Protein chains: 2
Amino acid sequence: MRRIKMADVARLAGVSAMTVSRALKRDSSVSPATRRRILGIIKETGYVPDQIAGSLSSKRSGFIALLVPSLNNPHFAETTHALADTLQAAGLQTLIGYTNYETRREEPLLAALLQRRPEAVVLVSDGHSAKSRELLLKAGIPVVQIWDWPSRPIGHVVGFSNEDVAVNMVRYLAERGYRRLAYLGEINDQGTRGARRRQGFVRAVKELKLGPVRLHDQCPPPISMLQGRAALPQMLKRWPDIDAIMCVSDPGAFGVLTEAQAMGIDVPSQLAVIGFGDFEVSRCCLPALTTTAVDGGRIGRETGMLLLNLLGYAEQDESSDISDGKTSQRIKIEVHLTPRGTTRGD
Amino acid sequence: MRRIKMADVARLAGVSAMTVSRALKRDSSVSPATRRRILGIIKETGYVPDQIAGSLSSKRSGFIALLVPSLNNPHFAETTHALADTLQAAGLQTLIGYTNYETRREEPLLAALLQRRPEAVVLVSDGHSAKSRELLLKAGIPVVQIWDWPSRPIGHVVGFSNEDVAVNMVRYLAERGYRRLAYLGEINDQGTRGARRRQGFVRAVKELKLGPVRLHDQCPPPISMLQGRAALPQMLKRWPDIDAIMCVSDPGAFGVLTEAQAMGIDVPSQLAVIGFGDFEVSRCCLPALTTTAVDGGRIGRETGMLLLNLLGYAEQDESSDISDGKTSQRIKIEVHLTPRGTTRGD
DNA sequence: TTGTAAGCGTTATCAT
DNA sequence: ATGATAACGCTTACAA
């Protein structure tokens with residue numbers, strides 16, 4: 001019992017395959033009666049169009065490729081979700097690849113995804129090899145880098161400067177009177193956004209002349225809550241007099257906060273703790289965590305809308321100043337330093 | 001400037017397209033010299049095979065479809081990650097669809113995914129409409145349900161009984177002397193695994209004659225930490241004398257714990273709190289949260305290996321008692337009740 | 001080991 | 001409004 005195909009439906013409806021194809025595409029040039037008949041037969045027979053054949057013929061795969069370090073990070077999960085939802089409205093599907101924060105995985109992954117002929121590629125961050133850049137350029141499709149603000153972008157950008165975020169947080173701590181800051185970060189983080197935040201920390205501490213640059217790298221990305229807990233005693237041993245710890249991301253910061261409580265260190269009077277990302281736990285814990293909030297869903301939606309424009313799936317309203325196609329877009333996403341209980345007020 | 005295709009490579013190498021195809025597939029029947037020449041040309045020209053054309057011809061899409069409620073849940077993110085990794089080794093890609101915990105989204109999503117001709121479908125949980133079941137059955141491909149233990153499975157199963165898990169947790173509380181239990185769950189959770197856990201709670205409370213069944217449904221799934229915090233005062237108002245709260249999942253339980261601390265209620269002496277899932281925060285917080293641990297990565301890997309067997313991508317070692325093809329597999333995943341600080345010891 | 005021919009199931013294009 | 005025909009770029013099946 002063969003799988004039913006478009007030609008079968010056409011035969012049963014007494015029309016040509018082309019008419020079935022049109023009826024399925026809501027092509028206006030099919031009479032209502034004919035369409036009704038065709039849709040009836042499709043329902044009866046349970047016909048499922050073969051999108052593979054359709055893609056080959058139309059040269060539109062209906063795919064967008066997305067490369068993320070990991071889905072096991074609420075930020076990227078949110079962005080992925082929002083992007084996929086936005087694109088789904090136009091019938092586009094999102095093909096996801098994970099690098100596991102390992103740059104060397106990027107190239108083969110990209111090569112595999114490109115064989116699917118995606119109509120665009122979306123990449124988190126900026127750690128791309130020359131080979132990867134070449135693959136992307138040669139593919140001749142829109143490329144969007146998200147979640148950072150690369151100095152030499154490949155194509156379009158939807159994000160913000162992780163370095164500036166870190167600079168801003170150091171300033172904030174300095175303004176609140178903290179003087180002996182330490183940074184809790186990750187090892188082997190080349191090309192990650194965390195590495196950019198570390199750079200920002202270093203730059204700001206130097207600019208503000210806050211004394212020695214104290215960097216403690218605990219583990220490969222992503223740092224976990226428990227690794228944050230483990231880090232605090234080690235950091236206090238290295239630098240007994242620090243009065244603030246800035247962490248590459250919230251989970252680590254929450255770990256530091258928890259361990260401080262376990263050790264009887266008062267936060268924020270004895271030690272300030274500041275994170276990044278505004279994870280859910282940061283809003284819920286006691287005291288709530290000072291952090292920088294980023295709207296991951298917004299990044300996904302903006303990226304999705306940009307792509308719909310670029311690929312010509314969007315409604316053509318007058319606001320489509322975006323869709324000039326060639327010039328690469330730079331969409332800045334606002335982030336918000338959010339003071340809470342783990343740093344003292346003014 | 002056209003995109004280069006296999007015929008172009010063939011011409012440049014002085015062979016037929018078929019030989020290029022074989023060289024790419026590591027088909028043994030290509031002389032080493034020829035293969036070298038071909039691969040050289042491919043590298044020079046930057047040729048990227050078109051998998052769409054390949055799939056149409058070979059009738060193997062190289063896709064697996066995965067339906068999850070949300071990726072914004074570390075469990076599903078882990079499972080997805082592990083599944084995708086396992087399949088990637090065989091060159092299979094994972095197409096992900098999100099239902100957002102809304103059952104009505106499942107059908108159109110499934111229909112869309114099936115047009116891509118996936119070689120198998122993996123579904124979380126068990127809330128499937130008759131129409132969905134029919135679509136799946138008609139597709140004639142392996143179906144795997146994961147993360148639960150459906151009474152009437154569609155195909156294969158890799159999971160555990162969420163109902164039994166809840167029963168077990170109630171028993172645990174009862175053994176520790178807790179008598180007035182309340183359940184914190186979700187509204188509109190038809191077909192979710194949370195609903196199964198609520199059932200388990202109800203059943204166990206009745207069986208153990210623990211008095212009235214106290215159910216508090218706070219919000220649509222998934223319950224958040226902050227919603228857990230908001231729920232505690234409401235629950236205490238409804239039932240001032242409860243001595244234990246069992247929560248549909250860890251984030252809500254962490255919220256309850258945090259709010260209890262904010263209200264000056266001692267956990268576990270005045271109130272026990274127990275969750276589900278062993279999320280990271282549950283291991284890190286103070287006191288650490290009693291919960292049931294599930295290895296989401298394991299579910300993904302087991303599912304992946306099962307599929308590789310079923311689809312004939314696996315190495316044929318003698319251990320392939322699985323691969324008889326027709327009979328549907330039931331792979332039980334062990335879960336572990338993990339006593340920690342939010343319940344008192346024996 | 002390599003090549004030839006015939007599809008795979010749809011859609012673009014041009015005709016009617 | 002509908003149809004005929006020729007791609008789309010690869011792989012299967014067979015032949016040499």
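A, B, ... follow the sequence lines: proteins, then strands. Residue 1 opens every chain. This structure is a prediction, so every number in the text was calculated from the model and none was measured.
- Residue A:T34 is classed as a sugar-phosphate contact, given heavy-atom separations below 4.0 Å to backbone atoms only.
- In the region residues 110-121 of chain B, proximity to DNA chain C at under 4.0 angstrom, judged on heavy atoms, holds for none of the residues.
- A salt bridge links A:R117 and B:D50; the closest N-O separation between the charged side-chain nitrogens and carboxylate oxygens is under 4.0 Å.
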Distance-only criterion, 3.5 Å: show the donor-acceptor pairs between side-chain atoms of residues 13-22 of chain B and protein atoms not counting sequence neighbours.
unit_1	atom_1	unit_2	atom_2	d
B:S16	OG	B:M18	N	3.4
B:S16	OG	B:T19	OG1	3.4

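- Counting only distance, with no hydrogens or angles, the side chain of B:H156 and the backbone of B:Q329 share a donor-acceptor pair below 3.5 Å.
- Across the protein-nucleic acid pair, A:I52 atom CD1 and D:dC8 atom C1' stand 14 Å apart, rounded to whole Å.
- Closest approach to the B:S58 side chain among D:dT11, C:dT10, D:dG9 is made by D:dT11 (side chain taken as heavy atoms from C-beta onward).
- Judged by atom type and distance alone, B:S57 does not reach the base of D:dG9 through any side-chain donor-acceptor pair under 3.5 Å.
- If you take CG of A:D8 and P of C:dC8, they are 12 Å apart, rounded to a whole angstrom.
- Of the candidates C:dT2, D:dT2, C:dT11, the closest approach to any side-chain atom of A:T19 belongs to D:dT2.
- Note on B:S31: only backbone sugar-phosphate atoms sit closer than 4.0 angstrom, heavy atoms only; bases stay farther off.
- Protein atom CG of A:L24 is 9 Å distant from nucleotide atom P of C:dT10, rounded to whole Å.
- Put simply, CE on B:M6 is 19 Å from P on C:dC8, counting in whole angstrom units.
- A:Q145 places no side-chain N or O within donor-acceptor distance of the main-chain N or O of A:L123, the cut-off being under 3.5 Å.
- For the pair A:S16 and D:dG3, the criterion of a side-chain N or O lying under 4.0 Å from OP1 or OP2 is met.
- Each of C:dG9, C:dT2, C:dT13 was ranked by its minimum atom distance to the side chain of B:R22; first place goes to C:dT2.
- Here the nucleotide nearest the side chain of A:D50, chosen from C:dG3, C:dG9, D:dC8, is C:dG9.
- Side-chain atoms of B:R3 stay outside donor-acceptor range of the base of D:dG9, with no qualifying N/O pair under 3.5 Å.
- Across all strands shown, B:S29 has heavy atoms under 4.0 Å from base atoms, whether or not it also approaches the sugar-phosphate.
- At the phosphate of C:dC8, neither OP1 nor OP2 sits under 4.0 Å from any side-chain N or O atom of B:K59.
- Relative orientation of the A:Y101 and A:F76 rings is tilted, given thresholds of 30° and 60° on the angle between their planes.
- Contact annotation: the side chain of A:V157 never approaches that of A:I331 to less than 4.5 Å [non-hydrogen atoms, C-beta and beyond].
- Of all nucleotides listed (D:dA13, C:dT2, C:dG9), C:dT2 comes nearest to the side chain of B:V30.
- In this structure B:R330 satisfies the salt bridge (charged side-chain N to carboxylate O under 4.0 Å, His left out) test with no other residue, sequence neighbours excluded.
- Taking 4.0 Å as the cut-off between side-chain N and carboxylate O, B:R2 and B:D8 count as a salt-bridged pair.
- Considering only side-chain N and O atoms, A:S21 lies nowhere under 4.0 angstrom from the phosphate OP1 or OP2 of C:dT10.
- Nucleotide C:dC8 holds its C1' atom 4 Å from the CG atom of B:L56, rounded to whole Å.
- Using a 4.0 Å cut-off, no side-chain N or O of A:Y47 falls inside it from OP1 or OP2 of C:dG9.
- Between A:R11 atom CZ and D:dG3 atom P there is a gap of 14 Å when expressed in whole angstrom units.
- Protein atom CD1 of A:I4 is 16 Å distant from nucleotide atom P of C:dC8, rounded to whole Å.
- Going from atom CE of B:M18 over to atom C1' of C:dT1 covers 12 Å, rounded to whole Å.
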